[in-house]
Protein chains: 2
Amino acid sequence: MTDPDEHAPVAVTVDLVVLTVRDDQLQALTIRRGEEPHRGRWALPGGFLRPDEDLPDAAERELREETGLSADRFHLEQLGSYGAPDRDPRMRTVTVAYIALAADLPTPTAGTDAADARWQPVSRLLGTDDALAFDHSAILADGVERARAKLEYTPLATAFCGEEFTVTELRHVYEVVWGTSLDPRNFHRKVTGTAGFLEPTGATTTRDGGRPAQLFRAGTTRHLHPPLLR
Amino acid sequence: MTDPDEHAPVAVTVDLVVLTVRDDQLQALTIRRGEEPHRGRWALPGGFLRPDEDLPDAAERELREETGLSADRFHLEQLGSYGAPDRDPRMRTVTVAYIALAADLPTPTAGTDAADARWQPVSRLLGTDDALAFDHSAILADGVERARAKLEYTPLATAFCGEEFTVTELRHVYEVVWGTSLDPRNFHRKVTGTAGFLEPTGATTTRDGGRPAQLFRAGTTRHLHPPLLR
DNA sequence: GCAAAAGTGTTGGGAGTACACCCATGA
DNA sequence: TCATGGGTGTACTCCCAACACTTTTGC
């Protein structure tokens, strides 16, 4: 590092790509901006880093503030940082983006203090480059691509399911996020055969219709061997 | 985003994990600090983000300053950001880390203005948690893990080779980075059979001894299908 | 019984591994 | 001629996609 005196005044923010599967679609949480710039436009939830806060703590706090839910209901990981000099007309900002994956939430953004918060299908948001304020469309696109890629080699898809879920519900997550269809029989064999992916609860359910299906919890593995391919 | 007035004064830096393969080892570029804090200790190269500079531009500039080589000689990608409140005793800093992969350089850090710059084996640097100043040991560990993972499913190993290289030289990169040994015959078949990975130059060389080997350039694919497994 | 979804068996092809073998050079 | 590494052939195994088939529920 060189002389600190030459550093520019920079504001650091944390922005969130919060994804869920709702109504057979991958959806992202968006907030309507109440202030300039981009007043009235949709944006990703986020806010400024506080003086004594580490980056993951700031991301958790924002997540709580925007959704009213505790952060342990989510998978949260850092996506990347964005710092183009003109990305915010007010001042020089660098944002550290996080992605959060969640099960379908009972009521979107319950208990938030944001003026207007809404789930919107990712397909619609990514259809036009300026659907979101600032550079948030690019950040969302990166987040979605990260999520798609991680389904292949991590058990992350379970983060989109509730506490207990069936193999079919898990497969549905893959089909929606990847936009493909998968063979139910082979999918079943594959996920139940991968050690540490799923943990049986012993209970069954008929909520998907037909023969009762076993209920599972997420296992403890962090990586899938072998990976599930698209 | 909420009120900008509540934001803390934060300095943003860019730090680099510069990796190369030298002397049958994965090595990282380190700089001896000439100032407090951590004066005299080794650290990752890096510096403050300038007022009108985007993050990738800052990373490229630092790379040029520290190595004296143009940035197109490297593969450069963002690794992640680190912002623990106490990571720098002088002030609140958030650093955006990048990894740079390079071929073995003729003379380490030629033309740099850094007081003391040196390649050091990653195995030695990661042996003790405080081998590097600040949180740089953790950043280095993350960077090495990223590089190892990316060799599996991208053609990134070619970034460690020169402009033209043989299959054996490429295999050597894999063996050093992964710390494994690979079957030369099957490796040859695999990499030459993956479309877009390697592009033949038509020339041959005997620099590895034995029968002349074909020379290749890096191809255009960004992903390996199927992946090379460790 | 019938529809619907869960879950198992079987089979054929493709990819990975191990290793025998041949090729082309320098010394 | 021998050592050294480059490169091909081949057989065996294992995984996986495709799909027929059985099981267990609700209606």
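We name chains A, B, ... by the order of the sequence lines, and we start the count at 1 in each one.
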May I ask you to say what [X] touches in the nucleic acid, namely base, sugar-phosphate or nothing, with a heavy-atom cut-off under 4.0 Å?
X	result
A/Thr168	sugar-phosphate
A/Pro226	sugar-phosphate
A/Asp208	sugar-phosphate

With DNA chain C as reference, determine whether A/Thr192 or A/Gly210 sits nearer its 5' end, using the nearest nucleotide of each.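 The answer here is A/Gly210.
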
Please give, in whole Å, the distance from [N] [atom2] to [X] [atom1]?
X	N	atom1	atom2	value
B/Phe216	D/dG6	CZ	P	11 Å
B/His188	D/dG5	NE2	P	15 Å
B/Leu198	D/dG7	CG	C1'	14 Å
A/Leu224	D/dC15	CG	P	15 Å
B/Arg185	D/dG9	CZ	P	14 Å
A/Phe165	C/dA6	CZ	P	14 Å
A/Asp183	C/dG9	CG	C1'	14 Å
A/Leu215	C/dG7	CG	C1'	15 Å

If you go through the side-chain atoms of A/Arg189, does one of them form a donor-acceptor pair with the base of C/dG9 closer than 3.5 Å?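 Indeed there is one.
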
Would you please indicate if the ring centroids of B/Tyr174 and B/Phe187 are separated by under 6.0 Å?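 Ring centroids of B/Tyr174 and B/Phe187 are less than 6.0 Å from each other.
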
Minimum-distance nucleotide (side-chain atoms of B/Arg211 versus C/dT25, C/dA6, C/dA24):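 Of the candidates, C/dA24 comes closest.
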
Per B/Pro212 side chain, nearest of listed nucleotides D/dT8, C/dT25, D/dT25: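 Nucleotide nearest to B/Pro212's side chain: C/dT25.
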
Considering just the side-chain nitrogens and oxygens of B/Gln214, establish if one lies under 4.0 Å of OP1 or OP2 belonging to D/dG6.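 It does not, given that no N or O in the side chain of B/Gln214 lies less than 4.0 Å from OP1 or OP2 of D/dG6.
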
pair B/Asp57-B/Asp54: side-chain heavy atoms closer than 4.5 Å: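 Yes, their side chains come closer than 4.5 Å.
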
Decide yes or no for B/Thr154 and B/Arg222: does some side-chain heavy atom of the first lie under 4.5 Å from some side-chain heavy atom of the second?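 No, every pair of side-chain atoms sits at 4.5 Å or beyond.
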
Just by distance, no angles: are the side chains of A/Asp208 and A/Thr168 close enough, under 3.5 Å, to form a donor-acceptor pair?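 Not at all, the side chains of A/Asp208 and A/Thr168 share no donor-acceptor pair under 3.5 Å.
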
Salt bridge (Lys or Arg N to Asp or Glu O under 4.0 Å) between B/Arg217 and B/Glu163, intermediate numbers included: CA-CA 6 Å; B/Arg217 266 188 293 272; B/Glu163 178 82 10; 5.4 Å; no

First encountered from the 5' end of DNA chain D, between B/Asn186 and B/Arg171: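 On the 5' side of the pair lies B/Arg171.
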
